[in-house]
Amino acid sequence: MTGRSITAEVQNADETAGQQVVRPLDNPLSQRGGFAILRGSLAPEGAVVKLAGHSRRKHTGPARVFDSEEACFAAVQKREIKAGDVVVIRYEGPKGGPGMREMLAVTGAIVGQKLDDSVVLLTDGRFSGATHGFMIGHVAPEAQVGGPIAFVRDGDQITVDVEARRLDVAADLDSRKVGWTPPAARYRAGVMAKYAAAVTSAAEGAVTLPVIR
């Protein structure tokens, strides 16, 4: 913050020699983009994994399951998350959130405990572009509509394989669907309830459609 206008700052800026802001195709900054789409038994409609900011491409570990960001944050604060865990935050998708909140508090707490290089965080919600570590969001279908993520339990082995573009869980999820009903909506009236009733899957852009009653 200098108090000067942007024009004044630009006029006085010194650019480092040799920088390539726009690079040719034969000399990219990275051989792959900053994210990838994963599919598998845990995300039939897809999920988004952030590749920038870490080097890991494969992980298998036990699930630690939470039904809200707040519940997960409390567990992280109590240091209940251990190296190797796959932290699952569900019911935070377009309908369940509603609105796909950023899991910013949890990611910040995990980084603060220096676990970002050893755990995976996976959610039907979303992440900020500033997050660090192995983070997977937009898991679809989301838990609120009975997506596979709704039936994951603590201890289930989850495998993330970026090279194979896979996100899978070693569990018979179909047997757990018997008698399942979604939790009560977080909003019963108002704009948030209307949004939750009208919004589509994250795999379709989480856009709202007219509600027909």
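Just so it is clear, the model here is predicted, and its values are computed rather than measured. Residue numbers run from 1 in the order of the sequence given.
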Exercise. Do other residues, nucleotides or ligands put more than 12 heavy atoms under 6.0 Å from the CZ atom of R188?
Worked result: no
Exercise. Just checking, any donor-acceptor pair under 3.5 angstrom between side chains of Q157 and T60?
Worked result: no
Exercise. Side chain to side chain contact (heavy atoms under 4.5 Å, CB included) between V106 and L121: does it pass, once the steps are laid out?
Worked result: CA-CA 9 Å; V106 171; L121 206 160; 3.3 Å; yes
Problem set entry | Side chain Q144, main chain P183, donor-acceptor under 3.5 Å | yes
Exercise. When Ile, Leu, Val, Met, Phe, Trp and Tyr are grouped by side-chain heavy atoms lying under 4.5 Å apart, directly or through other members, which residues fall in the same group as Y195?
Worked result: V199
Exercise. Which residues pass the ring-ring contact (aromatic ring centres under 6.0 Å, His included) test with F127, sequence neighbours left out?
Worked result: none
Exercise. Does V86 reach the side chain of V119, with side-chain heavy atoms less than 4.5 Å apart?
Worked result: no
Problem set entry | Cluster overlap V145 with L209, hydrophobic side-chain contacts below 4.5 Å | no
For this session: Tell me who clusters with V191, hydrophobic residues only, linked when side chains sit under 4.5 Å apart either directly or through other members.
Result: Y187, M192
For this session: Would you give the length of the straight line joining atom CZ of F73 to atom OG1 of T107, rounded to the nearest 0.5 angstrom?
Result: 10.0 Å
For this session: Could you check K82 against D85 for salt bridge (Lys or Arg N to Asp or Glu O under 4.0 Å), going step by step and ending with a plain yes or no?
Result: CA-CA 6 Å; K82 307 301 180 184; D85 286 345; over 6 Å; no
Seminar exercise, completed: side-chain contact (heavy atoms from CB on, under 4.5 Å) filter on A143, not counting sequence neighbours, yields R90, Y91, D124, I149, A150
For this session: List for me each residue that meets side-chain contact (heavy atoms from CB on, under 4.5 Å) alongside A164, sequence neighbours excluded, and say none if there are none.
Result: D161, R166
For this session: State plainly whether one hydrophobic cluster holds both L122 and I81, where clusters connect Ile, Leu, Val, Met, Phe, Trp and Tyr through side-chain heavy atoms under 4.5 angstrom apart.
Result: no
Exercise. So do I136 and V48 actually touch side chain to side chain, heavy atoms under 4.5 Å?
Worked result: no
Seminar exercise, completed: So NZ of K177 and CG of D172: to nearest 0.5 Å the spacing works out to 9.5 Å
For this session: Quick one: pull up CG in L173 and CZ in R153 and give me the separation to the nearest 0.5 Å.
Result: 9.0 Å
For this session: Indicate yes or no: at least one non-hydrogen side-chain atom of V76 is less than 4.5 angstrom from one of I110.
Result: yes
For this session: Give a yes or no on whether L167 and V162 share a hydrophobic cluster (residues Ile, Leu, Val, Met, Phe, Trp, Tyr; joining criterion: side-chain heavy atoms under 4.5 Å apart).
Result: yes
Exercise. If you round to the nearest 0.5 Å, how far is CD1 of I89 from CZ of F66?
Worked result: 8.0 Å
Exercise. Does H59 use its side chain to pair, donor to acceptor, with the backbone of G84 at less than 3.5 Å?
Worked result: yes
Problem set entry | Distance-minimising heavy-atom pair for S41 and P44 | O-CD, 4.3 Å
Problem set entry | Residues that R101 engages under side-chain contact (heavy atoms from CB on, under 4.5 Å), provided they are two or more places apart | E69, E70, E92, M103, R186
Exercise. Can S201 and E142 be said to form a side chain to side chain donor-acceptor pair (under 3.5 Å), step by step?
Worked result: CA-CA 7 Å; S201 169; E142 63 175 290; over 6 Å; no
Exercise. Any side-chain donor-acceptor pair under 3.5 Å between T159 and D168?
Worked result: no
Problem set entry | Worked verdict on E204 versus E45 for side chain to side chain contact (heavy atoms under 4.5 Å, CB included) | CA-CA 9 Å; E204 298 173 349; E45 293 180 2; 5.8 Å; no
Exercise. Would you call V160 and F134 a side-chain contact if the rule is heavy atoms closer than 4.5 Å?
Worked result: yes
Exercise. Quick one: do R176 and D156 make a salt bridge, cutoff under 4.0 Å?
Worked result: yes
Problem set entry | Where A196 and K95 come nearest, the two heavy atoms and their spacing | O-NZ, 2.8 Å
For this session: For residues M100 and G125, report the shortest heavy-atom separation together with the two atoms involved.
Result: CE-O, 3.6 Å
For this session: Taking atom types as modelled, find out whether T2 and E9 have a side-chain donor-acceptor pair closer than 3.5 angstrom.
Result: yes
Exercise. Which value, rounded to the nearest 0.5 Å, describes the distance between R4 atom CZ and N12 atom CG?
Worked result: 5.0 Å
For this session: Is it possible for you to say whether V139 and V169 belong to one hydrophobic cluster, with membership spreading through side-chain heavy-atom contacts below 4.5 Å?
Result: yes
Problem set entry | Sub-4.5 Å side-chain heavy-atom contact between V87 and V120 | no
Seminar exercise, completed: CZ (R126) and CD (E102) are apart, to the nearest 0.5 Å, by 4.5 Å
